[in-house]
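First up is the structure itself, then whatever we jot down about it.
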Amino acid sequence: MANRVKEPKGVKLDHISKIYQDPKTGKDFYAVHDVALDIAPGTFVTLLGPSGCGKTTTLRMIAGFESPDEGEIYLGGEPINALTPNKRDTAMVFQSYALFPHYNVFDNVAYGLRLRKVPKDEIKKRVTDILALVELSGMEQRMTNQLSGGQQQRVALARALVVEPGVLLFDEPLSNLDAKLRVQMRTEIRRIQQALGITAIYVTHDQSEAMSISDQIILMKGGVIAQMGSPTEIYYHPVSEFVADFIGECNFLKGKALSSEKGRAMVQLPQGTAAVETDKIYQPGADCEIVVRPEAIQIGDTGMLPCTVELSCFMGSYQNYHVRVGDTLVKITDNCPVNKKIYAVGDHCFISFDAACAHLL
């Protein structure tokens, strides 16, 4: 294999829905409802969300294991609803690896090529090349039960890649690995995807996994898209409390708008006022909510809002604080606490944050 697969393909979901029947009530419900999105060729897109949000059902409809009850799926501009999974230009990496235990590594990876009647010489070259890409050279004759979990996942990845699909699909592929190996493998998957320039659609419920590997995140809730955007857009500009709370830790300060002009709003909080950069216009007196991340808050002897320390915990790279601002608990990540004043439980102090680091809902 050269340094990339054939031309990657885009994926378009044109208002697709999937309807199931609730076994208890017998009533129909939407597992996925009116999902519309356009995935550009060569991008890494993650479907993220809690259990039951519809992300896996969406992936299975793209793969062809489920059929949409409404809407059409397009792959490279071609409608594919009527195509069976083996006729679609996709390959899936499963959570369970789904390797053949009675085959060695070479034969597991070569399986799809043999089904496609690829000549023997080409099979050998393509399998050798792809095993080098996933860093398993020299292990061709090993049986899969002699491999570690991480190595088995690499074999599953190689088997999907070797058939040179237009789109690579991942169904929570790292959930069976331990935490350290998960981080290593997600980095590897991103490296390989970028090296090949392939289109990838990845399903996970792990927000840190989604943040670290994605060009775009599609966050789902209750079968619909809650928000889609780059990791930075979703982290810094969530459109709802659900999105803000699902992606990382968040603080929510409820208040009323005082003024709103030129991309900046002043908010009256019970303990004081705060400025927030925003593109929205708020009418004076309108209810609003400031979203601010723990690492964006400073703690000091003077500042914006008075508070009382309820937790002060040294975590090495940061000091973890919980402070009470009026009735609201606020979490603070004070990075690199060396040479900083450390506040103890019961101390009265202040918190501050920059207008550009907060977001208004």
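Hydrogens, waters and symmetry mates are skipped; everything else that's a heavy atom, side chains included, is used.
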Q) Do Arg293 and Glu249 sit within salt-bridge range, that is, some charged N less than 4.0 Å from a carboxylate O? A) no

**Q.** Contact check, side chains of Leu99 and Gln152, non-hydrogen atoms, under 4.5 Å
**A.** yes

Q | Gln283 atom CD, over 12 foreign heavy atoms within 6.0 Å | A | no

Q) So how far is it from Ile198 CD1 to Leu161 CG, rounded to the nearest 0.5 Å? A) 5.5 Å

(Q) Tell me whether Ser240 contacts the main-chain N or O of Val243 through its side chain, where contact means a donor paired with an acceptor under 3.5 Å. (A) yes

Q) Ser352 and Gln298: side-chain hydrogen bond (donor to acceptor under 3.5 Å, both in side chains), yes or no, with the steps? A) CA-CA 5 Å; Ser352 303; Gln298 294 86 45; 5.4 Å; no

Q | Check: Asn81 and Pro68 side chains under 4.5 Å, non-hydrogen atoms | A | yes

Q. Knowing that exactly one of Asp38, Leu75, Val45, Ile80 qualifies, which makes a side chain to side chain contact (heavy atoms under 4.5 Å, CB included) with Val11?
A. Leu75

Q: For the pair Phe65 and Phe94, name the ring-plane relationship: parallel under 30°, tilted 30 to 60°, perpendicular over 60°.
A: tilted

Q) Do the charged groups of Arg191 and Glu188 touch, with an N to O distance under 4.0 Å? A) yes

Q: Measure the NE2-OG distance between His205 and Ser175 for me, rounded to the nearest 0.5 Å.
A: 7.0 Å

Q. Taking side chain as C-beta onward, heavy atoms only, is Phe242 less than 4.5 Å from Leu219?
A. yes

(Q) I'd like to know if the side chain of His15 reaches the main chain of Val35, judged simply by a donor and an acceptor atom lying under 3.5 Å from each other, with no hydrogens or angles considered. (A) no

Q: Give a yes or no on whether Asp279 atom CG has more than 12 heavy-atom contacts from other residues, nucleotides or ligands under 6.0 Å away.
A: no

Q | Polar side-chain atom of Asp89 near backbone of Pro165 as donor-acceptor pair, under 3.5 Å | A | no

Q. Would you find a donor on one side and an acceptor on the other, under 3.5 Å apart, between the side chain of Gln193 and the backbone of Gly42?
A. yes

Q. Is the Lys NZ or Arg CZ of Arg159 less than 6.0 Å from the centre of Tyr111's six-membered ring, within 45° of the axis?
A. no

Q: Using a 4.5 Å cut-off on heavy atoms from C-beta on, say whether the side chain of Ile290 contacts that of Phe353.
A: yes

Q. Does some side-chain heavy atom of Val309 sit less than 4.5 Å from a side-chain heavy atom of Ile299?
A. yes

Q | Passing candidate, side chain to side chain contact (heavy atoms under 4.5 Å, CB included) with Leu169, options Val203, Ile62, Thr199 | A | Ile62

Q. Given side chains that start at C-beta, do those of Leu48 and Ile247 come closer than 4.5 Å, heavy atoms only?
A. yes

(Q) In the structure I gave you, are the side-chain heavy atoms of Ser17 and Asp69 within less than 4.5 Å of one another anywhere? (A) no

Q. Roughly how far, to the nearest 0.5 Å, is CD of Gln194 from OG1 of Thr43?
A. 11.5 Å

Q. When you look at Glu70 and Tyr30, which way does the side-chain hydrogen bond (donor to acceptor under 3.5 Å, both in side chains) test go after all the steps?
A. CA-CA 11 Å; Glu70 299 167 359; Tyr30 279 102; 2.9 Å; yes

Q. Say you draw a straight line from CE of Met220 to CZ of Phe246; how long is it, rounded to the nearest 0.5 Å?
A. 12.0 Å

Q) Considering all heavy atoms of both residues, which atom of Tyr321 and which atom of Ile342 are nearest to each other, and what is their separation? A) OH-CA, 3.5 Å

Q. Which of these passes side chain to side chain contact (heavy atoms under 4.5 Å, CB included) with Leu311: Leu329, Ile332, Asn320?
A. Asn320

Q) Have Tyr202 and Glu209 got a donor and an acceptor in their side chains that come within less than 3.5 Å? A) yes

Q: Would you mind checking if Asp129 and Lys125 are paired as a salt bridge, meaning a charged N to carboxylate O distance below 4.0 Å?
A: yes

Q | Between Gln141 and Asn104, a side-chain donor and acceptor under 3.5 Å | A | yes

Q) Does a side-chain heavy-atom distance below 4.5 Å link Leu168 with Thr90? A) no

Q: Output, in order, the C-alpha distance, side-chain angles, deciding distance and verdict of side-chain hydrogen bond (donor to acceptor under 3.5 Å, both in side chains) for Gln319 and Ser312.
A: CA-CA 7 Å; Gln319 188 78 13; Ser312 178; 3.0 Å; yes

Q. Between atom CZ of Arg142 and atom CG of Asn108, what is the distance when rounded to the nearest 0.5 Å?
A. 14.0 Å

Q) Would Asp287 and Tyr282 count as having a side-chain donor-acceptor pair, cut-off 3.5 Å? A) no

Q. Would Thr204 and Asp206 count as a side-chain hydrogen bond (donor to acceptor under 3.5 Å, both in side chains) if you check the C-alpha gap in whole Å, the side-chain angles of each, and the deciding distance to 0.1 Å?
A. CA-CA 5 Å; Thr204 184; Asp206 184 328; 5.3 Å; no

Q) Is the number of heavy atoms from other residues, nucleotides or ligands within 6.0 Å of CG (Asp121) greater than 12? A) no

Q.
For Phe350, is the CZ atom crowded, meaning more than 12 foreign heavy atoms sit under 6.0 Å from it?
A. yes

(Q) Assess whether a salt bridge exists between Asp107 and Arg114, defined as any Lys/Arg side-chain N lying under 4.0 Å from an Asp/Glu carboxylate O. (A) yes

**Q.** Donor-acceptor side-chain pairing of Tyr235 and Gln207 below 3.5 angstrom
**A.** no

**Q.** Worked check of side chain to side chain contact (heavy atoms under 4.5 Å, CB included) between Arg186 and Ser212
**A.** CA-CA 8 Å; Arg186 76 189 187 201; Ser212 65; 3.0 Å; yes

**Q.** Carboxylate-amine/guanidinium contact Asp215 Arg190, below 4.0 Å
**A.** yes

Q: Mind checking the CD-CZ spacing from Glu122 to Arg116? Nearest 0.5 Å is all I need.
A: 12.0 Å

Q.
Closer than 4.0 angstrom, basic N to acidic O: yes or no for Lys340 and Asp334?
A. yes

